[in-house]
Colleague: 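Right, I'll just put the structure down here and ask away after.
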Amino acid sequence: MTRALPERFNFAQHLLETNSSRAGKIAYIDDAGRLTYGELAERVRRCAAALGALGVRREERVLLLMHDTCDWPVVFLGALYAGVVPVAVNTLLTAADYAYMLEHSRAQAAFVSAPLAATLQAAMGQAAHEVKTVVVARGQAACGALDFEQLLARQAPLSAPVATGADEPGFWLYSSGSTGRPKGTVHTHANLYWTAELYGKPVLGLREDDLCFSAAKLFFAYGLGNALTFPLSVGASVLLMAERPTPDAVFKRWVEHKPTVFFGAPTGYAGMLASPNLPAREQVRLRLCSSAGEALPREIGERFTRHFGCEVIDGIGSTEMLHIFISNRPGDVRYGTSGKPVHGYRAELRDEHGRVIDGANVVGDLYIDGPSAALMYWGNRAKSRETFQGAWTRTGDKYYRDDDGYYVYAGRSDDMLKVSGQYVSPFEVEATLMEHPAVLEAAVIGVADADGLTRPKAFIVLKDPRQAGDALAEELKQFVKQRLAPHKYPRFVEFLPELPKTATGKIQRFRLREREAAK
């Protein structure tokens, strides 16, 4: 059981008080400079005061469309401190996406990084909702917009936080859209606290002397924990990167800044291992790595550990639960599994009739009960009722427990295939394909054969595209057939230059299904 928080709880206040004795210690390092914990506290309080001066009231929303710089946590925590609700959004979307989010959230103000200001301006032109104030960071403020630094400089730090409730709306995150239009997921102040207390501290074992570096951006639920909630809860330092997390960009920071803890996603680990510029073990100082977003293939985890001598702690989390709730542990890593439930969370597997599955090696729908569950999807009662069912959250993932109690990913509920009357996990086939030395990435969907029966089709990205051809396609089919049950091998293979993905790196299999339907 988790202990109860006080009825009044402000997470920003909690972090600032936790680090009140670390005023001179580095909290954040970005491409432009550094921010100590003392400077962070002052800027957070100035930002909170600025929101009040702009006329943004308690519980109203502000859009946070910013790159990963030292300004991001200032705005996010400043809003929480003021009782205002930050809506953190993906920086890689289109003006039409932001127009939808502005209307949906009814944001009263928007904080934007200068390189994204033109896209936001276009979105505001499309949206029916009027944003009262735009604040631009790290660049020239356009006509009518305010400069972030000037805005902070005009304000005295807010002396005390707004007395928010632990269970009142604290912030929103939009779901990544891997299965369609994003949903505004409403989280509380307490939810941030619980992810740190139940996962960041006891499972990852983050320490004050760590330098944390997350390839997953702060707007992503995974990245928010990695680069804000967890490190700031233990007084660690954080390395931020505004640019895209390409292998070379990550390597540069590994070698120059020597982070001790790295947070990535399976796609990123695969790309790094395939890069000719992969650093040698002695060039880095990694003591621990984390993976989430999609299940980490066994082969990728094992290769990474062989090269760097560092475990990759794979787990599963979700925007709806805010962070990871089933995980491997340092010293207890079983690659190819997501590990076991995190203390404080309960997991159930249910069959298609909703009955709990008690046995091992039976695929079921994964449900989670834990204190970090979101309140709702804003303005979407039907989807909220479908996902948040009493104490339980329906994850939309298929899993089974192996004989030792480790949870093994079997795909998304809407991605599972039924071939010859038996369930086939796309992920299992993809993970097997990725064991082939020629394969960089793979995605599997179901397509109808000449008889109208569902058969697996594999879309393959090769390490060397010049190898593509019928001979390799046949070789890959036989490769899978020799390793999995015969009904699981892909009957069709198509080579692509890249796979469709969300901005956070999740493969969009529904895009591949749409592509096939269009044929």
Colleague: Among pairs that include at least one residue of residues 430-459, which meet ring-ring contact (aromatic ring centres under 6.0 Å, His included), considering only residues two or more places apart or in two chains?
Modeller: His436-Phe479

Colleague: Within the structure provided, determine whether Val480 and Leu433 are in side-chain contact (heavy-atom separation under 4.5 Å).
Modeller: yes

Colleague: Taking salt bridge (Lys or Arg N to Asp or Glu O under 4.0 Å) as the criterion, tell me which of Arg355, Lys398, Arg350 meets it with Asp365.
Modeller: Lys398

Colleague: Considering only NZ, NE, NH1 and NH2 on the basic side and carboxylate oxygens on the acidic side, decide whether Lys519 and Glu514 come within less than 4.0 Å.
Modeller: no

Colleague: With a 3.5 Å cut-off and no angle check, do the side chains of Asn361 and Asp402 form a donor-acceptor pair?
Modeller: no

Colleague: Could you check whether the rings of Trp378 and Trp172 sit parallel, tilted or perpendicular, using 30° and 60° as the cut-offs?
Modeller: tilted

Colleague: Does this structure show an ion pair linking Glu435 with Arg303, if we count only N-O contacts that are shorter than 4.0 Å?
Modeller: no

Colleague: Can you tell me how far apart CG (Leu375) and CG (Asp167) are? Round to the nearest 0.5 Å.
Modeller: 7.5 Å

Colleague: Could you go through the salt bridge (charged side-chain N to carboxylate O under 4.0 Å, His left out) check for Arg509 and Glu294 one step at a time?
Modeller: CA-CA 13 Å; Arg509 294 177 187 83; Glu294 289 192 305; 3.6 Å; yes

Colleague: Going through the checks in order, is the side-chain contact (heavy atoms from CB on, under 4.5 Å) test met by Tyr367 and Leu349?
Modeller: CA-CA 6 Å; Tyr367 286 73; Leu349 298 178; over 6 Å; no

Colleague: Has Gln283 got a side-chain atom pairing as donor or acceptor with Ala280's backbone, closer than 3.5 angstrom?
Modeller: yes

Colleague: Between Val312 and Val333, does a side-chain contact (heavy atoms from CB on, under 4.5 Å) hold up when you go through it step by step?
Modeller: CA-CA 8 Å; Val312 182; Val333 172; over 6 Å; no

Colleague: Check whether the ring centres of His189 and Phe171 lie less than 6.0 Å apart, and answer yes or no.
Modeller: no

Colleague: Is atom CZ of Arg285 surrounded by more than 12 heavy atoms (other residues, nucleotides or ligands) closer than 6.0 Å?
Modeller: no

Colleague: Looking at CG of Asp210 and OG of Ser237, how far apart are the two atoms once the value is rounded to the nearest 0.5 Å?
Modeller: 9.0 Å

Colleague: Start with the C-alpha distance between Lys501 and Glu441, add both sets of side-chain angles, then the distance that settles salt bridge (charged side-chain N to carboxylate O under 4.0 Å, His left out), and finish with yes or no.
Modeller: CA-CA 12 Å; Lys501 296 173 186 170; Glu441 292 182 306; 2.5 Å; yes

Colleague: Would you check if the side chain of Glu311 reaches a backbone N or O of Gly331 as a donor-acceptor pair within less than 3.5 Å?
Modeller: yes

Colleague: Please give me the minimum heavy-atom distance between Ser425 and Gly411, naming the atom from each residue.
Modeller: OG-N, 3.8 Å

Colleague: Closest heavy-atom contact between Thr185 and Glu320?
Modeller: CG2-CA, 4.0 Å

Colleague: Would you call Phe11 and Leu5 a side-chain contact if the rule is heavy atoms closer than 4.5 Å?
Modeller: no

Colleague: Tell me, yes or no, whether the heavy-atom count around Lys383 atom NZ, taken from other residues, nucleotides or ligands under 6.0 Å, exceeds 12.
Modeller: no

Colleague: Is there a side-chain contact (heavy atoms from CB on, under 4.5 Å) between Ile445 and Arg511? Walk through the geometry before answering.
Modeller: CA-CA 10 Å; Ile445 65 169; Arg511 296 289 185 202; over 6 Å; no

Colleague: Would you say Tyr199 and Ser372 are linked by a side-chain donor-acceptor pair, where the criterion is simply a distance under 3.5 Å?
Modeller: no

Colleague: Is a side-chain donor-acceptor pair under 3.5 Å present for Gln478 with Glu474?
Modeller: yes

Colleague: Between the side chains of Asp314 and Asn328, does any donor sit under 3.5 Å from an acceptor?
Modeller: no

Colleague: Where is the tightest heavy-atom contact between Asp358 and Arg401, given as atom of each residue plus distance?
Modeller: O-NH2, 3.3 Å

Colleague: How would you list all residue pairs meeting ring-ring contact (aromatic ring centres under 6.0 Å, His included) that involve residues 258-287, not counting sequence neighbours?
Modeller: Phe213-Phe262, Trp254-Phe262, Phe262-Tyr269, Tyr269-Phe304

Colleague: Do the numbers put Arg334 on top of the ring of Tyr406, so that NZ or CZ is under 6.0 Å from the six-membered ring centre and no more than 45° off the axis?
Modeller: yes

Colleague: Has Glu243 got more than 12 heavy atoms of other residues, nucleotides or ligands less than 6.0 Å from its CD?
Modeller: yes

Colleague: Is there a donor-acceptor pair closer than 3.5 Å between any side-chain N or O of His187 and the backbone N or O of Met321?
Modeller: no

Colleague: Fit a plane to each ring of His104 and Tyr174, take the angle between them on a 0 to 90° scale, and name the class: parallel (under 30°), tilted (30 to 60°) or perpendicular (over 60°).
Modeller: tilted

Colleague: Taking atom types as modelled, find out whether Tyr489 and Thr432 have a side-chain donor-acceptor pair closer than 3.5 angstrom.
Modeller: no

Colleague: Regarding Ser338 and Tyr399, do their side chains bring together a donor and an acceptor under 3.5 Å, going by distance alone?
Modeller: yes

Colleague: When rounded to the nearest 0.5 angstrom, what is the spacing between CZ in Phe219 and CG in Asn90?
Modeller: 3.5 Å

Colleague: Pick one: which of Asp68, Asn226, Val238 meets side chain to side chain contact (heavy atoms under 4.5 Å, CB included) with Leu218?
Modeller: Asp68

Colleague: How long is the straight-line distance from CG of Leu239 back to NE2 of His257, given to the nearest 0.5 Å?
Modeller: 5.0 Å

Colleague: Taking the six-membered ring of Phe492, is NZ or CZ of Arg455 closer than 6.0 Å to its centre and within 45° of its axis?
Modeller: no

Colleague: Apply side-chain contact (heavy atoms from CB on, under 4.5 Å) to residues Glu428 and Leu484 and explain how you reach the verdict.
Modeller: CA-CA 9 Å; Glu428 182 184 22; Leu484 299 179; 3.6 Å; yes

Colleague: For Leu273 versus Ile300, what's the shortest heavy-atom pair and its separation?
Modeller: CD1-O, 3.6 Å

Colleague: Taking atom CG of Asn277 as the centre, report whether more than 12 heavy atoms of other residues, nucleotides or ligands fall under 6.0 Å from it.
Modeller: yes

Colleague: Hey, does Ser318 have a side-chain heavy atom less than 4.5 Å from the side chain of Phe325?
Modeller: yes

Colleague: Taking it one step at a time, do Ser290 and Tyr222 satisfy side chain to side chain donor-acceptor pair (under 3.5 Å)?
Modeller: CA-CA 10 Å; Ser290 166; Tyr222 179 48; 2.9 Å; yes

Colleague: Measure across Pro341 and Tyr407 and return the closest heavy-atom pair with its distance rounded to 0.1 Å.
Modeller: CD-CE1, 3.7 Å

Colleague: Do Cys310 and Arg287 come close enough that some side-chain heavy atom pair is under 4.5 Å?
Modeller: no

Colleague: At what distance, to the nearest 0.5 angstrom, does CE of Met241 lie from CZ of Arg244?
Modeller: 9.5 Å

Colleague: Of all the heavy-atom pairs spanning Leu232 and Thr18, show the shortest one and how long it is.
Modeller: O-CG2, 4.3 Å

Colleague: Would you give the length of the straight line joining atom OG1 of Thr267 to atom CG of Leu296, rounded to the nearest 0.5 angstrom?
Modeller: 10.0 Å

